[in-house]
Chemist: 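My questions will all concern the structure given below.
Below, read A as the first sequence line, B as the second, and so on, with proteins coming before strands; counting in each chain starts at 1.
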Protein chains: 2
Amino acid sequence: MDIKSKIKIIAFDADDTLWVNEPYYRETEKAFVLLLQDYLPAEKVSKLLLEIESKNIKLYGYGVKGFVLSMIETVLKIKEESTSIYGNSTTSKKPISKIITQILDLGKALINMPLVLLPDVRETLKIIKTQELKLVLATKGDLLDQERKLKKSGLAQCFHHIEIMSNKNESDYQKLLDRLEILPDEFLMVGNSIKSDILPVLSVGSYAIHIPYHTTWEHERVANTEQDHERFFKLETIQDLSPIIKENQISFPKKKQ
Amino acid sequence: MDIKSKIKIIAFDADDTLWVNEPYYRETEKAFVLLLQDYLPAEKVSKLLLEIESKNIKLYGYGVKGFVLSMIETVLKIKEESTSIYGNSTTSKKPISKIITQILDLGKALINMPLVLLPDVRETLKIIKTQELKLVLATKGDLLDQERKLKKSGLAQCFHHIEIMSNKNESDYQKLLDRLEILPDEFLMVGNSIKSDILPVLSVGSYAIHIPYHTTWEHERVANTEQDHERFFKLETIQDLSPIIKENQISFPKKKQ
């Protein structure tokens, strides 16, 4: 299918589309469950953490601070249950105050994580920028976290507009389109999350390209990652994006039947 | 002084300019220091909290989540010092895990605080909106916190543009002017914080109106709240704003000599 001179804006997700993010969270979670090994097996800690995170996401939103607060809440819940079962005879275990101190340190380290661009990102953005398309960064998460990462990435200059969103639902994309003053079919979103970057974008009537990443947070997972939609396309890497954008037209390879 | 048909955009700060904010934080802090009364006198806890908050602000930014994380860090610091002095003979004191559980609850209550508009805000915004001026909301803080408050306020429709900023330094205002595509002397900022809403705005060459609020966070305080600047004005209440904006011109009352 060819889309002739229609798309005016290409928006990119940031975390795990332009740079490494989720693996740092998973490393932090590994360190976190180890801190609690005196109390509960790793998989049970992870399960409880995910439950608490999912419950808190409406309140805390996305980003490191909410993650740290949910880790602390998990510890307190485990401590409470451990005390009600074993009483206060938990003195041989690592003290809760030590564990929480280390969680705060893990959180600060996560905020200061190095910024690693994914392969070919800078080159691809440069090539696309030579076209008469406007590039937008549309990322979900904590305002300060994302601004910090963008600054470290050195990519800010590539973008005409930066939009840091508290959420990526259909209504959030509709607001973004209004803000950018463009029609749905003039907008293309590129990202790694089917749930956040693809489905709501297709719903508002825009185009979406999925570039999968090897690590996806449980909360972002959807059952079916294969979309059958004329405005949806899947690419292997970001490098595959530049060959299909030429002379301000976007030609997607024909879908296999 | 009259400014004839120059100002195109009036931007309003939100917290403690349009709605009550700081008093909720101070109430939370009062409850927090009470939780620690077995360990340290209230004023020492508050002093330590402010030190830790000031150290963390670059990392955590503004908003409830960073405040909660700093409260937790304060507890852990007090616990650590108490243990090093008294050993583990602190069993008669309120357990640290209980205290931190209650801090998480205080934080969630703060996120869910009721939204109380300051007097005459809605009416004043309505009057100003009848002029050919664009109204902007320019607020510092956590993205989700501020979006939630704006939604609760019912004021979103009053504004042409909403800007939630991680910080309000000179460079942040410069970026805002660029984004709004206006010149510095076409922009007027209205807010309660000399540090965040007035000084950086005057520095970029724009106009600023200070409407003081009775409670100011220690971190936002500046030594001299009286500014002597031709682009600076002080009003008692937001209601005083509408009489000086007429026929798209803004006439400030003459300053007392």
Chemist: Between A:Leu143 and B:Ser166, what is the shortest heavy-atom contact and its length?
Modeler: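 Residues A:Leu143 and B:Ser166, closest heavy atoms: CD2-N, 3.4 Å.
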
Chemist: Once rounded to the nearest 0.5 Å, what's the spacing between atom OG of A:Ser97 and atom CD1 of B:Ile99?
Modeler: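 Between A:Ser97 OG and B:Ile99 CD1, I get 11.0 Å after rounding to 0.5 Å.
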
Chemist: Quick one: what part of B:Asp145 sits under 4.5 Å from any heavy atom of chain A, side chain, backbone, both or neither?
Modeler: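 Neither part; nothing is under 4.5 Å.
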
Chemist: Determine the minimum heavy-atom distance between A:Leu104 and B:Tyr60, stating which atoms define it.
Modeler: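 Between these two residues, the closest heavy atoms are CD2-OH, 4.4 Å.
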
Chemist: So for B:Ile111, is it side chain, backbone, both, or neither that comes closer than 4.5 Å to the heavy atoms of chain A?
Modeler: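 Interface part for B:Ile111: side chain.
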
Chemist: Among B:Val68, B:Thr101, B:Asp142, which has the most heavy-atom pairs under 4.5 Å with chain A?
Modeler: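 Most heavy-atom pairs within the cutoff with chain A belong to B:Thr101.
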
Chemist: Does this structure show an ion pair linking A:Glu147 with B:Lys175, if we count only N-O contacts that are shorter than 4.0 Å?
Modeler: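 No.
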
Chemist: Decide, yes or no, whether a salt bridge links A:Lys108 with B:Glu73 under the criterion of side-chain N to carboxylate O below 4.0 Å.
Modeler: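 Yes, A:Lys108 and B:Glu73 are salt-bridged.
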
Chemist: Is B:Ile162 close to chain A through its backbone or its side chain, or both, or neither, when contacts mean heavy atoms under 4.5 Å?
Modeler: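 Just its backbone gets close to chain A.
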
Chemist: Quick check: are there more than 12 heavy atoms from other residues, nucleotides or ligands sitting under 6.0 Å from NZ of A:Lys77?
Modeler: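 No - once you tally the heavy atoms of other residues, nucleotides and ligands closer than 6.0 Å, there are 12 at most.
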
Chemist: Is a side-chain N or O of A:Arg148 found less than 3.5 angstrom from the main chain of B:Leu59, in a donor-acceptor match?
Modeler: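 Flag set: sc A:Arg148 to bb B:Leu59 pair under 3.5 Å.
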
Chemist: Taking everything shown except A:Lys55 itself, do over 12 heavy atoms lie less than 6.0 Å from its NZ?
Modeler: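 Yes, enclosed.
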
Chemist: Is it the side chain or the backbone of B:Ile96 that comes within 4.5 Å of chain A heavy atoms, both, or neither?
Modeler: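 For B:Ile96, the side chain is the part near chain A, not the backbone.
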
Chemist: So for atom CD, which belongs to A:Glu80, do other residues, nucleotides or ligands contribute more than 12 heavy atoms lying within a distance under 6.0 Å?
Modeler: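 Counting neighbours around CD of A:Glu80, 12 or fewer heavy atoms of other residues, nucleotides or ligands fall under 6.0 Å, so no.
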
Chemist: Does NZ belonging to A:Lys134 count more than 12 external heavy atoms closer than 6.0 Å?
Modeler: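 No, because the 6.0 Å sphere around NZ of A:Lys134 holds 12 heavy atoms or fewer from other groups.
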
Chemist: Under 4.5 Å heavy-atom distance to chain A, tell me which part of B:Asn56 shows up: side chain, backbone, both or neither.
Modeler: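 For B:Asn56, the contact with chain A is made by the side chain alone.
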
Chemist: Counting only non-hydrogen atoms closer than 4.5 Å, does A:Asn167 touch chain B with its backbone (N, CA, C, O), its side chain (CB onward), both, or neither?
Modeler: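 Neither part; nothing is under 4.5 Å.
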
Chemist: Give a yes or no answer on whether the side chain of B:Lys65 reaches the backbone of A:Leu69 with a donor-acceptor pair at less than 3.5 Å.
Modeler: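 No; judged by distance alone, with no hydrogens or angles, the pair does not exist.
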
Chemist: Could you state the interatomic distance from CG (A:Leu76) to CD (B:Gln102), rounded to the nearest 0.5 Å?
Modeler: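 If I round to the nearest 0.5 Å, the distance is 11.0 Å.
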
